[in-house]
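Residues: numbered from 1 along the sequence shown. Computed from heavy atoms alone, side chains included, the values below leave out hydrogens, waters and symmetry copies. Predicted model, so just to flag it, every value in this text is computed and none were measured.
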Amino acid sequence: MAQSRKERLARQRDRQQALRTASKSRRKPSRDDIARTLLHFAIMKNLSMERRERLEELQHQIVTALVVQGFNERETEIVWDALVEKYQSGWSFQLKRHLSKDDDLDADEADADT
């Protein structure tokens, strides 16, 4: 018997939640976590070594890739420039505090249940 769309979506939602929970307990980084860390490293390394030209090349490549995905070129450049400006003015990498080594994941989960 064919299952309804609603049932299929509910099962998919449950599967995805189980995957997220398992990843969190294993402290497994997501693709976005790795991408965010790589971007931070690339910007900071180029800024610290005063490689403005390399940073502009990186910007061009990223903006071009995002435009191909359908993003507005000028808006993308504005967001990039603002991000680089934040790093230049001392903005530090945004850590995920809930992943600190002192954090007890079981305690967090117990708090969520109450």
Side-chain angles (χ1 to χ4, degrees):
M1 177 180 274
Q3 60 181 323
S4 72
R5 182 177 195 283
K6 188 175 182 179
E7 292 169 331
R8 210 169 0 100
L9 291 175
R11 281 191 2 194
Q12 180 180 357
R13 189 173 37 252
D14 292 343
R15 255 192 330 272
Q16 287 298 319
Q17 183 58 48
L19 286 172
R20 282 191 296 273
T21 300
S23 289
K24 182 179 178 183
S25 69
R26 292 190 331 254
R27 296 176 185 250
K28 177 182 175 185
S30 70
R31 173 185 51 130
D32 290 343
D33 294 323
I34 292 171
R36 187 176 51 254
T37 303
L38 175 62
L39 182 61
H40 167 77
F41 176 79
I43 290 173
M44 292 305 295
K45 190 71 169 177
N46 283 299
L47 286 174
S48 71
M49 298 184 79
E50 297 183 18
R51 295 188 305 204
R52 194 69 185 166
E53 195 172 296
R54 297 266 319 254
L55 191 56
E56 288 174 5
E57 288 173 22
L58 182 61
Q59 174 184 6
H60 176 72
Q61 292 170 343
I62 290 173
V63 168
T64 299
L66 289 170
V67 168
V68 167
Q69 293 178 42
F71 291 95
N72 177 279
E73 182 174 4
R74 184 66 197 128
E75 293 299 322
T76 303
E77 289 172 345
I78 290 169
V79 171
W80 173 270
D81 290 340
L83 184 59
V84 170
E85 242 178 73
K86 281 183 177 184
Y87 281 117
Q88 282 177 315
S89 64
W91 187 59
S92 63
F93 188 63
Q94 303 299 303
L95 300 176
K96 289 191 167 187
R97 301 264 182 247
H98 67 280
L99 293 176
S100 70
K101 291 182 180 178
D102 298 334
D103 190 21
D104 181 359
L105 290 175
D106 293 332
D108 284 347
E109 291 170 2
D111 289 344
D113 292 339
T114 58

When you look at Gln12 and Leu9, which way does the side-chain contact (heavy atoms from CB on, under 4.5 Å) test go after all the steps? CA-CA 5 Å; Gln12 180 180 357; Leu9 291 175; 3.9 Å; yes
Show your reasoning for whether side-chain contact (heavy atoms from CB on, under 4.5 Å) applies to Arg15 and Arg11. CA-CA 6 Å; Arg15 255 192 330 272; Arg11 281 191 2 194; 4.1 Å; yes
Test Leu47 against Arg52 for side-chain contact (heavy atoms from CB on, under 4.5 Å), laying out the working first. CA-CA 7 Å; Leu47 286 174; Arg52 194 69 185 166; 4.0 Å; yes
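Asp32 contributes atom CG, which lies 10.5 Å from atom OG1 of Thr37 (distance to the nearest 0.5 angstrom). In this structure, CD on Glu56 lies 7.5 Å from CD on Glu53, to the nearest 0.5 angstrom. Of the inter-residue distances, the one linking Thr21 atom OG1 with Arg26 atom CZ reads 11.0 Å to the nearest 0.5 angstrom. We find the CG-CD1 distance between Leu58 and Ile43 to be 7.0 Å, quoted to the nearest 0.5 Å.
No more than 12 heavy atoms of other residues, nucleotides or ligands lie within 6.0 Å of CZ in Arg54, so this atom counts as exposed by the packing criterion. Around CD of Glu50, the count of heavy atoms belonging to other residues, nucleotides or ligands within 6.0 Å does not exceed 12.
Between the side chains of Arg13 and Gln16, no donor-acceptor pair of N or O atoms lies under 3.5 Å.
Scanning for side-chain contact (heavy atoms from CB on, under 4.5 Å) contacts around Ser89 gives an empty result, with sequence neighbours left out. Listed by chain and residue number, Leu66, Phe71 satisfy the side-chain contact (heavy atoms from CB on, under 4.5 Å) test with Gln69 (two or more places apart in sequence, or in another chain). In this structure Arg74 satisfies the side-chain contact (heavy atoms from CB on, under 4.5 Å) test together with Asn72, Glu77, Ile78, sequence neighbours excluded.
Across Tyr87 and Met44, no two heavy atoms sit closer than the pair CD2-SD, 3.4 Å. Residues Gln59 and Trp80 approach most closely at CD-CD1, 3.1 Å, considering heavy atoms.
Salt-bridge annotation for Asp33 and Arg36: present, with a side-chain N of the basic residue lying under 4.0 Å from a carboxylate O of the acidic one.
By the criterion of side-chain heavy atoms lying less than 4.5 angstrom apart, applied directly or through intervening Ile, Leu, Val, Met, Phe, Trp or Tyr residues, Ile62 is not grouped with Val67; the two fall into different hydrophobic clusters. Residues Leu83 and Val63 do not share a hydrophobic cluster, defined by chaining ILVMFWY side chains whose heavy atoms lie under 4.5 Å apart.
Glu73 is not listed as a side-chain neighbour of Thr76, based on a closest heavy-atom distance of 4.5 Å or more.
Listed for the Ser25 side chain is a donor-acceptor partner under 3.5 Å among the backbone atoms of Ala22.
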